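Worksheet: the structure to be examined is printed underneath.
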Amino acid sequence: MSKPIFTAHATAKGGREGNVKSDDGLIDLKLVNPAAGKSDEKGSNPEQLFAAGYAACYDGALNHKAKEKKKEIESKITADVDFLKDPADNGFKIGVTLNIEVKGVSQKEAEELAKEAHDFCPYSKATRGNIDVQLKTTAV
């Protein structure tokens, strides 16, 4: 492994019905299991946290690739992370749809930037070959 640029720290306790907290305290969230059917209980879950991280990371990669091509864009990424049954082992898995909105370029350019960002994004690299990721790109 190469030398880290920085390291993020977070600690989870109690599994899907516990708590997750970053070392600096900026993230301090109660976790609830939406699949358990306790709809009145408020809290986050691993899929929501993954969606937030992936959306932020991918948006950074998209803007980096646009800047390399000297394109002025505005972007919005919504990551939909699905919690799925895994028939391979009767367990569970996740799937992701990245909804990519790009303002300032044509549909073709937006799709090209989206693909390049997907090749460059650390989250995309980490998930490649492990989970299904769909890119839905719209030039607005």
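What you see is a predicted model; the values in this text were computed from it and never measured. Heads up: numbering here begins at 1 and tracks the sequence.
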Would you compute the distance between atom [atom1] of [X] and atom [atom2] of [Y] and round it to the nearest 0.5 angstrom?
X	Y	atom1	atom2	answer
H64	E116	NE2	CD	10.0 Å
E101	K103	CD	NZ	11.0 Å
F92	K85	CZ	NZ	4.0 Å
S106	K71	OG	NZ	7.5 Å
E112	Q107	CD	CD	10.5 Å
H118	T137	NE2	OG1	10.0 Å

Cationic N near anionic O, under 4.0 Å, [X] to [Y]:
X	Y	answer
K108	E111	no
E41	K30	yes
E47	R16	yes

Linked hydrophobic residues, M1 as query - side chain contacts closer than 4.5 Å: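 Result for M1 is none, singleton.
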Other cluster members, V81 - Ile/Leu/Val/Met/Phe/Trp/Tyr, side-chain contacts below 4.5 Å: F50, Y54, Y58, L62, I73, I77, I94, V96, L98, I100, V102, V105, L113, Y123, I131, V133, L135
Shortest non-hydrogen contact between P34 and V32, atoms and distance: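 Between these two residues, the closest heavy atoms are CD-O, 3.1 Å.
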Taking every non-hydrogen atom, the tightest pair across L26 and S22: N-OG, 3.3 Å
Any donor-acceptor pair under 3.5 Å from N130 side chain to A126 backbone: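 Side chain of N130 to backbone of A126, a donor-acceptor pair under 3.5 Å: yes, one is there.
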Any side-chain donor near an acceptor of the partner, D28 and N19, under 3.5 Å: yes
Evaluation steps, side-chain contact (heavy atoms from CB on, under 4.5 Å), between D119 and R128: CA-CA 9 Å; D119 291 340; R128 190 165 290 121; 4.0 Å; yes
Non-hydrogen side-chain atoms of D82 and D132 separated by less than 4.5 Å: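 Result no, sub-4.5 Å side-chain heavy-atom pair not found.
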Test side-chain contact (heavy atoms from CB on, under 4.5 Å) applied to N99 and T138, step by step: CA-CA 8 Å; N99 299 285; T138 306; over 6 Å; no
Worked check of side chain to side chain donor-acceptor pair (under 3.5 Å) between N63 and S75: CA-CA 8 Å; N63 280 276; S75 58; 2.9 Å; yes
